[in-house]
There are 2 protein chains.
Amino acid sequence: MALPTLSSRDKILDVAEALFARRGFEGVGMREIATAAGLGKSSLFHHFRSKPQLYYEVLGRVIERLHDRLAPVVASHSGSIEKLDRLIDVLVDALAEQPTTARLLLRALFEEDATAHDQLPEAIKCEQVLADTLEGIQRLLREGVDAGVFRSVSVAHTVQTLIGATVYHFASGELGDGLLGRPLLSAEAVSRRKEELHNLFHHGLVVRPA
Amino acid sequence: MALPTLSSRDKILDVAEALFARRGFEGVGMREIATAAGLGKSSLFHHFRSKPQLYYEVLGRVIERLHDRLAPVVASHSGSIEKLDRLIDVLVDALAEQPTTARLLLRALFEEDATAHDQLPEAIKCEQVLADTLEGIQRLLREGVDAGVFRSVSVAHTVQTLIGATVYHFASGELGDGLLGRPLLSAEAVSRRKEELHNLFHHGLVVRPA
DNA sequence: CCATCACCCGACCGATCGGTCGGTCGGTTG
DNA sequence: CAACCGACCGACCGATCGGTCGGGTGATGG
């Protein structure tokens with residue numbers, strides 16, 4: 001475990017990410033973040049202008065991490081089915097590796113900005129990268145529909161289904177099959193989830209009558 | 001619009017439901033709820049013991065409303081496929097009719113209880129009814145799998161997919177197809193969503209090669 | 001006519017919120 | 001040596017948090 005004495009700024013971002021993921025923007029105080037990072041509260045404001053700015057910096061990191069993994073998939077030159085399968089795999093992998101991602105992303109996707117933080121440059125960039133990522137997925141689906149490989153669907157609806165089925169799955173308790181409560185992010189569980197989604201999108205749930 | 005001068009208690013519950021759905025437990029103050037209900041803050045504490053108690057009373061109403069609509073479906077004596085279809089229809093209808101339901105439910109499903117509210121009797125009842133509802137859906141799926149009508153799946157995973165695909169859809173902005181931003185809860189949009197889900201679970205997304 | 005009651009309110013409480021201020025410390029620079 | 005610097009901190013600010021308290025009001029009923 002090489003701990004290269006990571007800078008205070010990164011340390012703050014890390015603990016803030018964990019806390020915001022768990023309890024949301026309003027549920028976490030700056031003092032709590034500071035003590036969790038081993039600093040005084042005032043020191044946070046040396047590195048970040050305000051609480052919203054810190055929040056969106058955290059969120060931006062998360063969204064960008066995800067974007068960087070998804071972008072090559074949607075930009076690749078394979079067939080629509082393989083692209084969809086790879087998208088599911090990469091998405092599930094990314095969400096499983098960092099448990100904070102799903103929760104922060106889910107909050108970002110459905111939560112309203114109580115106070116108008118939208119003018120923050122960090123918030124604007126977040127929204128931009130996120131929109132870009134989602135639009136990439138839409139394009140992937142649209143291509144498949146145009147090529148006749150996918151059924152004619154509302155791609156917007158399908159994206160939401162895909163997001164809901166993945167992000168929500170990892171954001172919620174991940175109850176697992178029989179092993180209630182256990183964290184259960186084993187490689188086996190992850191590949192099981194991928195298989196479920198592959199099958200659902202390939203064949204649906206209902207067994208073919210013939 | 002018959003306004004039967006609904007009791008202050010119900011008025012409080014209504015406005016609190018709307019506010020909690022929008023900004024979550026931590027994001028809403030008692031004073032805001034009070035003024036929105038046309039009362040003084042102290043009056044809230046005449047009807048409800050504490051803020052968590054009010055929150056879980058709100059949540060309980062929502063969950064029970066949903067439970068009451070879903071229970072007859074899972075208890076009915078039709079085939080698994082029809083049951084699934086009806087489940088989707090009823091679920092989508094319920095979420096579309098009251099936009100607060102999806103958001104409150106989503107929060108309840110994935111948010112952690114920051115402070116241990118779990119000892120509240122209202123919270124316990126919430127969790128009970130919710131667990132009962134989810135278990136009913138699991139039973140529905142399990143029956144279908146046992147009867148060979150559904151593919152062999154992890155029913156827990158499938159429930160989460162179903163929840164994610166419906167609850168998340170209505171909790172998020174519901175961007176709609178091309179009409180960005182518009183509320184768009186028209187009957188047409190709702191039945192479109194049902195159709196998408198029916199098709200997904202019946203056939204998947206990929207067009208059959210033969 | 002008076003007691004009771006549900007209902008409602010303004011004033012207030014201690015705690016905590018995000019954020020500021022003045023200042024200390026250790027490490028470059030010249 | 002002095003001058004400067006980023007990192008950090010304790011003390012403090014006004015505002016707001018959930019919650020309490022005592023008292024007011026209007027309808028009810030003996």
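Hydrogens, waters and symmetry mates are skipped; everything else that's a heavy atom, side chains included, is used. Here is how names work: the chains are called A, B, and so on, in the same order as the sequence lines, proteins then strands, and each is numbered from 1.
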Asker: In whole angstrom, give the distance that lies between atom CD of A:E32 and atom C1' of C:dA15.
Answerer: 15 Å
Asker: List the steps and the verdict of side-chain hydrogen bond (donor to acceptor under 3.5 Å, both in side chains) for A:Q160 and B:S172.
Answerer: CA-CA 9 Å; A:Q160 287 206 317; B:S172 71; 2.7 Å; yes
Asker: Identify whether NZ of Lys or CZ of Arg in B:K125 sits under 6.0 Å from the centre of the six-membered ring of B:Y56 and within 45° of that ring's axis.
Answerer: no
Asker: What pairs of residues pass the salt bridge (charged side-chain N to carboxylate O under 4.0 Å, His left out) test when at least one of them lies in residues 81-90 of chain B, not counting sequence neighbours?
Answerer: B:K83-B:E143
Asker: Whole angstrom is fine here: how far is it from CG in A:L44 over to P in D:dG10?
Answerer: 13 Å
Asker: When the distance from CD of B:E26 to P of C:dG18 is rounded to whole Å, what number comes out?
Answerer: 11 Å
Asker: What is the separation between atom CZ on A:R23 and atom C1' on C:dC17, rounded to the nearest whole Å?
Answerer: 15 Å
Asker: Rounding to an integer number of Å, can you tell me how far A:M30 CE sits from D:dT16 P?
Answerer: 19 Å
Asker: Roughly, in whole Å, what's the span from CZ in A:F45 to P in D:dG10?
Answerer: 15 Å
Asker: OP1 or OP2 of C:dC17 less than 4.0 angstrom from a side-chain nitrogen or oxygen of A:R31, does that happen here?
Answerer: yes
Asker: Applying side-chain contact (heavy atoms from CB on, under 4.5 Å), can you list everything that pairs with B:R139, at least two apart in sequence or on another chain?
Answerer: B:E135
Asker: For the residue pair A:F20 and A:F25, does the interplanar ring angle fall in the parallel (under 30°), tilted (30 to 60°) or perpendicular (over 60°) class?
Answerer: parallel
Asker: CG of A:L54 versus P of C:dC17: gap in Å, rounded?
Answerer: 15 Å
Asker: Output the rounded distance in Å from CD (B:Q53) to P (D:dG18).
Answerer: 15 Å
Asker: Among B:R193, B:E196, B:H169, find the one that has a side chain to side chain donor-acceptor pair (under 3.5 Å) with A:T161.
Answerer: B:R193
Asker: I need a per-nucleotide contact map over nucleotides 6-11 of chain C, read 5' to 3'. Cutoff is protein heavy atoms under 4.0 Å; write B for the base, S for backbone only, - otherwise.
Answerer: SBSBBB
